Enquirer: 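Let me begin by handing over the structure; questions about it come next.
This one's a predicted model, so the numbers in the text were calculated from it and none came from an experiment. In what follows, every heavy atom counts, from backbone to side chain, and hydrogens, waters and symmetry copies are set aside.
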Amino acid sequence: MTARRLTASFAAVACLAGFTAAPAGDPPAPRALACDELAAISWNGFVLDEVAAIPAGDADPAHCRVRGTIDLEIRFELLLPESGHWNGRFLMGGGGGYVGSVQNQAIQYAGPESVLARGFATVGTDTGHRGSGIDASWALNRPDREVNFGFRAVHVTAVTAKTIIRLYYGRDIDYSYFLGCSRGGGQGMMSSQRYPDDFDGIVSGAPAYNWTALGALFLQTQQALYPDPADLSAPVIDDEAAEVLETAILGACDEDDGVKDGFMTDPLACDIDLASIPGLTVEQRRAAEVIYGGAYVDGEQVYPGFPFGGETDEPGWQRWITGGTPATGGIPNLHYAFGTQMHKYIIFDDPGFDYAAFDFGDHARWLEQTRRAAKILNATDTDLSGFRTAGGKLILWNGWSDPAIPATGTIEYYEGVAAGDEGVDEYLRMFMLPGVLHCAGGPGPDFVDWIAAIQAWVEEDRALDRLVATKMGEGGGIEMQRPVCAWPAEAVYDGSGDPRREESFECVTP
């Protein structure tokens with residue numbers, strides 16, 4: 001696959017960079033460029049705003065830092081380790097939320113050894129606008145920015161970065177990868193569907209891939225938790241009610257997997273009736289049913305609900321779903337922020353949009369209202385034949401206790417792909433991480449070396465059936481390790497080993 005993808009000659013790459021080809025005969029053999037030579041090139045389609053040679057530091061080797069702008073607004077930062085340290089590979093990192101600043105999640109989620117120390121050339125982008133990650137006002141009446149954010153910016157940034165990389169090192173890239181979580185996970189899925197030749201391997205964690213349906217879910221949780229838009233000081237489910245829910249759920253199901261550890265291996269297997277939990281008001285019970293039950297439009301579910309878990313974690317429900325006493329801007333939690341911003345500035349182009357008054361009673365009308373945004377933002381196509389034909393590999397993963405992107409939605413996408421292709425495991429694997437919140441955090445082990453995993457699958461065709469997830473202690477040591485198993489298998493405790501050690505579990509398919 002790599003040879004097929006990298007057929008562009010250095011003459012063509014040089015042309016893109018503004019070089020003039022020799023008048024006759026074969027082009028001269030390419031030579032690697034020095035960092036400062038990149039700044040002297042006249043590029044087509046983008047400009048380099050800053051090129052700097054960065055000396056080696058505690059974590060990173062010496063490298064060339066390239067900052068540039070594509071098509072006036074799409075900013076990027078490309079880091080190029082010195083040629084002797086480059087491993088021949090390109091790794092792009094995604095961005096979170098509405099992005100708005102140059103972000104590179106490959107750096108963020110690399111683990112103890114930095115991306116540059118591993119030898120990757122790596123790039124990130126702001127997706128074509130500036131602002132905070134929870135602000136979508138940049139999109140008001142700007143369909144061009146919406147297209148860049150939705151899918152185009154990641155693609156053109158990858159193409160641009162590859163052009164610079166080939167000239168800087170004087171040779172082609174061996175393998176290209178993408179790693180992202182949340183919005184970044186959705187960016188990876190979008191690449192696999194729209195641009196299947198861009199990356200050999202993609203890791204998409206907690207992917208925000210169905211924005212319009214997630215937007216419906218976020219609005220509906222807020223309609224249940226904050227029915228009065230003039231009073232955002234206290235949610236219907238307060239901290240006390242959240243603790244009531246979590247205590248009852250863990251009391252009923254924590255030890256179903258044979259280990260009492262404050263989280264469940266498979267929350268969907270927890271059989272507890274919300275109506276049986278005492279200490280909740282009618283309004284609190286109804287709000288919990290919305291959170292766990294998912295988003296419905298005219299009686300039809302458009303996005304599944306959240307599994308049990310994360311109810312009392314500050315980075316869990318409190319930050320994302322319930323919240324209370326907004327600090328600035330009248331934003332009580334992140335569901336409120338993302339849901340209202342999406343509808344105000346992308347779906348309706350109406351800053352006066354009122355979440356509390358929005359009616360989900362007509363499915364056909366809702367589809368029409370969200371149709372344009374869905375075409376730009378959603379990566380819901382379950383036909384990955386183009387990516388499969390290109391030889392690509394895709395890893396999906398989600399924390400079971402994720403309060404932002406329900407794990408059930410990621411499962412739904414995987415099963416949609418599998419329903420149409422019995423050979424799905426050749427190019428798509430999915431992993432669920434018990435007790436893990438959004439992209440990281442929670443009581444469960446939350447770090448997996450996804451970079452090593454996707455490399456092993458792409459470059460060695462090593463089947464990914466069992467990976468190891470690690471939870472680090474406050475002092476930096478390993479607190480716990482568990483295997484995470486390729487869906488639908490799950491880690492089953494052997495009944496006698498140390499539950500903090502991954503060898504005490506085996507992967508079993510239910």
Side-chain angles (χ1 to χ4, degrees), residues 94-99 127 136 139 146-147 149-151 154 180-195 202-222 290-298 300-307 320-321 334-335 337-343 345-348 358 360 363-384 387 394-399 402-420 428 430 432 438-439 487:
Y98 292 115
V99 197
T127 68
E146 293 171 359
V147 167
F149 171 73
F151 55 87
V154 168
C181 191
S182 192
R183 169 61 184 157
Q187 289 171 334
M189 290 178 64
M190 185 71 81
S191 294
S192 72
Q193 295 167 31
R194 285 185 180 262
Y195 305 105
I202 296 171
V203 179
S204 291
Y209 72 94
N210 189 342
W211 279 72
T212 51
L214 272 173
L217 177 60
F218 292 171
L219 285 196
Q220 290 183 22
T221 62
Q222 298 312 290
V290 172
I291 296 168
Y292 296 127
Y296 285 81
V297 178
D298 195 15
E300 180 177 341
Q301 189 181 70
V302 297
Y303 208 91
F306 292 89
W320 281 92
I321 304 176
L334 292 177
H335 277 204
F338 285 115
T340 57
Q341 291 280 309
M342 185 192 311
H343 285 80
Y345 299 113
I346 300 179
I347 293 177
F348 291 118
F358 190 70
F360 288 97
H363 191 264
R365 183 181 63 186
W366 177 76
L367 286 176
E368 180 58 28
Q369 290 170 327
T370 59
R371 178 183 60 82
R372 186 188 65 85
K375 289 180 67 175
I376 296 171
L377 299 179
N378 292 355
T380 53
D381 189 354
T382 55
D383 180 3
L384 296 181
F387 189 63
L394 172 62
I395 294 174
L396 298 178
W397 70 271
N398 221 114
D402 192 321
I405 311 294
T408 47
T410 305
I411 293 170
E412 187 172 84
Y413 177 81
Y414 172 87
E415 292 185 340
V417 178
L428 173 61
M430 182 176 68
M432 293 290 115
H438 186 53
C439 297
W487 184 267

Enquirer: Please report the closest heavy-atom contact between Gly205 and Trp397, naming both atoms and the distance.
Expert: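 Shortest heavy-atom separation between Gly205 and Trp397 comes out as CA-NE1, 3.2 Å.
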Enquirer: May I ask you to decide whether Glu368 forms a salt bridge with Arg365, counting only side-chain N to carboxylate O separations under 4.0 Å?
Expert: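 No, this pair does not count.
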Enquirer: Which residues pass the ring pair (Phe, Tyr, Trp, His ring centres under 6.0 Å) test with Tyr195, not counting sequence neighbours?
Expert: His155
Enquirer: So which heavy atom on Asn398 is nearest to which on Ala206, and how close?
Expert: OD1-CA, 3.4 Å
Enquirer: So which atom in Gly305 and which in Pro406 form the shortest heavy-atom distance, rounded to 0.1 Å?
Expert: O-CB, 3.6 Å
Enquirer: Under a 4.5 Å cut-off applied to non-hydrogen side-chain atoms, are Phe360 and Asp298 in contact?
Expert: no
Enquirer: Using a 4.5 Å cut-off on heavy atoms from C-beta on, say whether the side chain of Leu377 contacts that of Phe149.
Expert: yes
Enquirer: Would you compute the distance between atom OG1 of Thr370 and atom NZ of Lys375 and round it to the nearest 0.5 angstrom?
Expert: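 The NZ atom of Lys375 is 12.5 Å from OG1 of Thr370, to the nearest 0.5 Å.
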Enquirer: CD/Gln341 to CG/Leu334 distance, rounded to the nearest 0.5 angstrom?
Expert: 11.5 Å
Enquirer: If the plane angle is over 60° it's perpendicular, under 30° parallel, otherwise tilted; pick one for His363 and Trp366.
Expert: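 Aromatic pair His363/Trp366 classed tilted.
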Enquirer: Pair Phe348, Gln369 - check side-chain contact (heavy atoms from CB on, under 4.5 Å), show working.
Expert: CA-CA 8 Å; Phe348 291 118; Gln369 290 170 327; 4.0 Å; yes
Enquirer: Would a line drawn from the ring center of Tyr209 to the ring center of Tyr413 be shorter than 6.0 Å?
Expert: yes
Enquirer: Tell me whether the NZ or CZ atom of Arg194 lies within the 45° cone about the ring axis of Phe387 and under 6.0 Å from its centre.
Expert: no
Enquirer: When you look at CZ of Arg372, are more than 12 heavy atoms from neighbouring residues, nucleotides or ligands closer to it than 6.0 Å?
Expert: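 Result for CZ/Arg372: enclosed.
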Enquirer: Would the distance check show the side chain of Tyr98 and the main-chain N or O of Ala139 forming a donor-acceptor pair, the cut-off being under 3.5 Å?
Expert: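 The answer is no, because no donor-acceptor pair under 3.5 Å joins these two groups.
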Enquirer: Could you work out, with side chain to side chain donor-acceptor pair (under 3.5 Å) as the rule, every residue matching Ser192, not counting sequence neighbours?
Expert: none
Enquirer: Can you tell me how far the OG atom of Ser182 sits from the CD1 atom of Ile405, to the nearest 0.5 Å?
Expert: 5.0 Å
Enquirer: How about Phe218 and Leu214: do any of their side-chain heavy atoms sit closer than 4.5 Å?
Expert: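 Yes, at least one pair of side-chain atoms sits under 4.5 Å.
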Enquirer: Could you go step by step and tell me if Ile411 and Trp487 meet the side-chain contact (heavy atoms from CB on, under 4.5 Å) rule?
Expert: CA-CA 9 Å; Ile411 293 170; Trp487 184 267; 3.7 Å; yes
Enquirer: Say you draw a straight line from CD of Gln193 to CE of Met189; how long is it, rounded to the nearest 0.5 Å?
Expert: 5.5 Å
Enquirer: Side chains of Met190 and Val154: closer than 4.5 Å at any heavy-atom pair?
Expert: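 Heavy-atom side-chain distance check fails, nothing below 4.5 Å.
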Enquirer: If you look at every heavy atom in Ala136 and Tyr345, which pair is closest and at what distance?
Expert: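 That would be O-CB, 3.1 Å.
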Enquirer: What distance do Ile321 atom CD1 and His335 atom NE2 have between them, rounded to the nearest 0.5 Å?
Expert: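 The CD1 atom of Ile321 sits 4.5 Å away from the NE2 atom of His335.
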Enquirer: For Ser204 versus Gly185, what's the shortest heavy-atom pair and its separation?
Expert: OG-O, 2.9 Å
Enquirer: Is there a donor-acceptor contact under 3.5 Å from the side chain of Gln301 to the main chain of Gly294?
Expert: no
Enquirer: side-chain contact (heavy atoms from CB on, under 4.5 Å) between Met342 and Trp211: does it pass, once the steps are laid out?
Expert: CA-CA 9 Å; Met342 185 192 311; Trp211 279 72; 3.5 Å; yes
Enquirer: Roughly how far, to the nearest 0.5 Å, is the CG atom of Asn378 from the OG1 atom of Thr212?
Expert: 4.0 Å
Enquirer: Of all the heavy-atom pairs spanning Leu384 and Leu394, show the shortest one and how long it is.
Expert: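 Heavy atoms only, the tightest pair is CD1-CD2, 4.1 Å.
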Enquirer: Walk me through it: do Phe151 and Glu146 pass the test side-chain contact (heavy atoms from CB on, under 4.5 Å)?
Expert: CA-CA 9 Å; Phe151 55 87; Glu146 293 171 359; over 6 Å; no
Enquirer: For the aromatic rings, using the six-membered ring if either is Trp, is the centroid distance between Phe306 and Trp320 under 6.0 Å?
Expert: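 Ring centroids of Phe306 and Trp320 are no less than 6.0 Å from each other.
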